[in-house]
Every structure is written in structure tokens, then in C-alpha cells.
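Working notes, beginning with the structure itself.
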There are 2 protein chains.
Amino acid sequence: MNAVHIDAGRVSIRPSFLLPRPKGHALIRLIVAGICNTDLELQRGYYAFTGTPGHEFAGEVIEADTASLIGKRVVGEINLACGACDWCHRGLGRHCPTRTVLGIVKHPGAFSEYLTLPESNLLLVPDSLPSDVAVFTEPVAAACEILEQVAIPKGEPVAVLGDGKLGLLIAQVLKIHGCEVHLYGHHPERAKIAGVSIGEPARFNWIVEATGSAAGLKSAIAMVNPRGAVIMKSTVHGNVEIDTAAVIVNEITLLGSRCGRFEPALKLLESGVLNVTQMIHARYPLTQAEEAFKHAATKGVLKVLLDNQ
Amino acid sequence: MNAVHIDAGRVSIRPSFLLPRPKGHALIRLIVAGICNTDLELQRGYYAFTGTPGHEFAGEVIEADTASLIGKRVVGEINLACGACDWCHRGLGRHCPTRTVLGIVKHPGAFSEYLTLPESNLLLVPDSLPSDVAVFTEPVAAACEILEQVAIPKGEPVAVLGDGKLGLLIAQVLKIHGCEVHLYGHHPERAKIAGVSIGEPARFNWIVEATGSAAGLKSAIAMVNPRGAVIMKSTVHGNVEIDTAAVIVNEITLLGSRCGRFEPALKLLESGVLNVTQMIHARYPLTQAEEAFKHAATKGVLKVLLDNQ
């Protein structure tokens, strides 16, 4: 089988052995995968990554212990948790200290003709939902995670900094929740994709920082009201400078936010209220992953998909 | 009258005009004042400060609109709020955007023979409470503020980073609240002053960062459990570098925390459960403020008091 390989910043496609299927895991044939900023960061050296990346996918189950899964389309939670620790018992396997993570930490990723995941990580994709939409489940779950962490009152104005892939999904999820969303970024026309307002100079009680840049957090801290909250979504390689005196004097809350649960995300996508198809800027066959990565890293480009044809 | 003056990093004592007493304000004769790290930071250029510093004090009311105040010992809230804005209506004058702050922002401070404050800022010091203890009300209020912001369950282990003046008060306040406090710092013997445990290598759900150094926040982020909280107390001059990826991946909360309400602090001091007298390392007459500042800035020195003799 063919799999994308990252090594010392180089993206290549390599012939690989078909993966062995551990007990309890399903063998999945990739249908379509999405390139995420984290993949581009992995390429740049984040987590000193070598191997097959990819964690946004829709696929078809080829082999599984549970016969009824075979032939079904699925998406899959990316954290492979131990299932036995306190975190796992609390339903927070996403923080299991011994977890591996699909395409990020010690588990080969989805940019491959085939991948494996525990059956318990899989969710069936409803027949009505195209794979090109289902592939957005993971980033939509990351957007939904915000509302699992903080109770933003309906009607509340919220600033979303960053009109890239994640920012556009967050803006939509918060709007559907009932927030009055103001989107800040380099592409004012994108507020239309999300159906929200273009950000104007203002201060907010709630700010989501999803610029993907080190400067975003500083802007967020300058824009948030005293006692307000900044939800941090941009995993940036290396250290970031912040004005801690402003955080303390204004008693600001900074809240790190990462992956979320797949169920609510898949339901949102199924309900058709999210506009994700306008976010697909290009698609490449898996075998042209190198070009696809280059395209995805180009300024202003939103989602680039990889098809397993 | 004599007043301490800071200008371009120099501390001096200057003869000054007696302050005019605005309507609603009390004229207060200083009894004793405490030098805080913020005063040392003001000297170093924090807030580009010029003028009379000092915000920890106990004094005697000399003139006031309310006759019953005259002759009484008082401490005073340091934020002079407008009283009319949304923040003030919510009881959060400490965040009033047009506030001035005693000895910090546009209101002459307490390191002076006389000072003025609005009567509404004043709290009577109970007869049983020595002025040397009452002078700790402001930093104790800053310690109590943590428990107004977050609900730390009783019995919960908490790490307090920093065994300086504020760290020792925070450790005591959290211990009295019912937390199992572990104190980290350069002076293991100080855990005894606070009546808490000496910190050993461990991870915590709750960490209070009160080291007063830029490195403290990095340590706190490395010590906190996923989904845990770091309460930030160290106002450090300039920017501080943090590993935002760790904050996001582990979904950590960073919470800025500043001043608190005086009532609960004064009550705690009155109840005698706090050990503050062992924290007094030196006292100087107001006229020797320059030496007092030098002493207070010396490594390992806790509270230095200024007496108005």
C-alpha cells in the first residue's frame, strides 16, 4: 500500500507494508482525508515527528472483529486511550497520559491507503452525509469543544480571531449556539462563508484565538474585557510571548482548547447547518501528497483534501 | 509634610504640600505602611511611574465628612472607582476603567505622612488588631481573591510557587480554606511560617504562581495536570514566554488574579489564624525610605515596614 511519509520536513509517498490489525481494531480503507494546520506544523518539526501524518479522514471498514462494521463508512476519534486510567473512566481519554494519537503521536496516520483504529473510536457516517463533509468531523469537534469547556451565554458577542479553516468552523459553531460572532482575519469576504459579521475594532468578554500565529494571543489579550476569557486554539511551534501583567491586572482567563467529542460534531454536520463545502479549496490524489502539502501551506488556502482513488 | 517620591528609579523623601481633601474623601495620617513587590517594580519602571508610591497602610482619620470616622484607625481599598459605571454597579470597582489606584495609578500613595482616600474605601480596624497586622489587609485580600475567582474543593492538593511575601499569605489563606498546600521556593524553612508542606516534585490540578519571576509561569505550566488551572499572581515587568502548545494540548486554564475585597481579609486577620508577624523582617522610619526600599529589594527579605513616627 502507499502511505505519505514525513521525515525531516520532507513529504513523500512510499510503498509500505499493509498494517497488521491489532485485536479490537478495525482496518479501514481511506476514502478522503483533510490536511490540517497541525500536519503542516508536523512537517515543520513540531513534536519532532517522523512517519505517516493525517488525522482527518473518512474511510470504509475492511476488516473488524465486529462483523456489522465491515463495509460501513466511518470517521474516527484520533486519541487512542488506554481505557483503564482515571482520565479514561471520566470519559476524557483525550487526556489519557499513555494515549497515542492518530498521525500525531506514535500511531500511523490517515494519509495512507489503509489505517487502523480501535473499533471503539469509530462512528458510522450516516448514508446522507457525503464523505467530503464527514471528513470535517475532527475539526468541527475541535470547534465544539469550546462549548464543552465554557458556558458562553446565548446572544453574547464573541470575537473569533483568524478566518482560516478552524476559525471559520468555530465561527459557525458559535453562531449556531446563539452567539453574536465577529470574525477577524485577512479575508473579510470569508465572514459570508460562516454567515457572521466582519470584525470591527471593539472589546469582548469572549475571544477565540484561532489565528495559527504567535501574534494572535497578544492581540486577543489586548481585545478582551477585564474578567473576560480568551480561548486558545492556535498550537504554535515554540514559545509565545504574552503580557502577563495585563492578564493579571484585568483578571483575564486564558483557556487552552484542543480536540472534542465526535458525536455532536457529526450530528451538526448531518443536520446541514454548517457550510464546509465552500471551504474545500483543492483536492489531490494521495499519491500527490507532496504537491497537496505545498498547496495547503500557501497563504489564503483553506482545506486541501487527499483522495484515495 | 514628608512624602516618599520615586522618579526615574530613585527613591527619595521630599517635603510636600499637605494634600487637599476632596469632598467625600478622608484625610488620613499614616501609622504604618508596607513595601510590596509592586512598589519595587514601580521603582524599576513598571507603569512608567513617577510620584508617591505605597498602597499597604494602616492610618488614623484626621478629617472627614463623616464625623464619626475622625480619630479612628482604618485601612483602605486601593482602587478609587467612579461608582457609576457597569463595573462599579456589579461591585467590581477594582476593574472600573476610569479608576485611579492608591500609589500606583494617578493617586498619591501611602508612603507619606498624610494620604487621602474616599470614605467609602475605608474599613475600621478593630481595636484588638495591631496596626502592624492590619497593614497586611491589602496583600491578604489579594490572596483571598483567588477563592472568589475559582472554587477549589476543600481537601484538594494545591501547589503555591513562591515563598515570598505573597506566596506565604496565599499558602495560609488556602490552607485555612481547607486545601492541602505544598509550598515551593528557595527557603524550605518558610513552609513552617505558613504551616504547610514543603513542595516535592509532583503534579497538581491547582497551582498558584506567585514567584514574582518570569520563569515561574513556565514551571507552573510544566507542573499542572491536564485540565488543571494555574492562578497567575506575579506581575512581571515586560513580556513572558510560555509554551502555548502545552496549554492547548493539556487544556490548561491560566487565570490572572489581582486585588481582592478587604472585608474577608480584615476578618481573617482579626480572627488571628494568619501568621504575619513572622513575615516582618525590618522596619524603618518613613524618612529612611531609600534604605527601606534597598532592604526590601534584598534577596530573601520578606516584609519591610515604614513607620510614620
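Below, read A as the first sequence line, B as the second, and so on, with proteins coming before strands; counting in each chain starts at 1.
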Which bit of K233(A) is near chain B, if near means a heavy-atom gap under 4.5 Å: side chain, backbone, both or neither?
backbone

Would you list the atom pairs, donor with acceptor, under 3.5 Å between side chains in residues 137-146 of chain B and any protein atom, with sequence neighbours excluded?
{"residue": "T137(B)", "atom": "OG1", "partner": "A134(B)", "partner atom": "O", "Å": "2.5"}
{"residue": "E145(B)", "atom": "OE1", "partner": "R94(B)", "partner atom": "NH2", "Å": "3.2"}
{"residue": "E145(B)", "atom": "OE2", "partner": "R227(A)", "partner atom": "NH2", "Å": "2.8"}

So which part of L217(B) gets closer than 4.5 Å to some heavy atom of chain A, the side chain, the backbone, both or neither?
side chain

Minimal heavy-atom distance between I248(B) and R258(A), with the atoms involved, is O-CB, 3.5 Å

Could you pull out the closest heavy-atom pair between A245(A) and T235(B), with the gap in Å?
CA-CG2, 4.4 Å

Rounded to the nearest 0.5 Å, the CE atom of M232(A) sits from the CG atom of L254(B) at a distance of 6.5 Å

Given that the side chain runs from C-beta out, which part of I242(A) has a heavy atom under 4.5 Å from chain B: side chain, backbone, both or neither?
both

Atom pair CG (N225(B)) and NE2 (H95(A)), whose distance is rounded to the nearest 0.5 Å
11.0 Å

By residue number, those in residues 150-162 of chain A with heavy atoms under 4.5 Å from heavy atoms of chain B are none

Identify which of V249(B), I252(B), N250(B), I231(B) forms the greatest number of heavy-atom pairs closer than 4.5 Å to chain A.
V249(B)

With only heavy atoms counted, which part of L92(A) is less than 4.5 Å from chain B, the side chain, the backbone, both or neither?
side chain

Counting only non-hydrogen atoms closer than 4.5 Å, does L255(B) touch chain A with its backbone (N, CA, C, O), its side chain (CB onward), both, or neither?
both

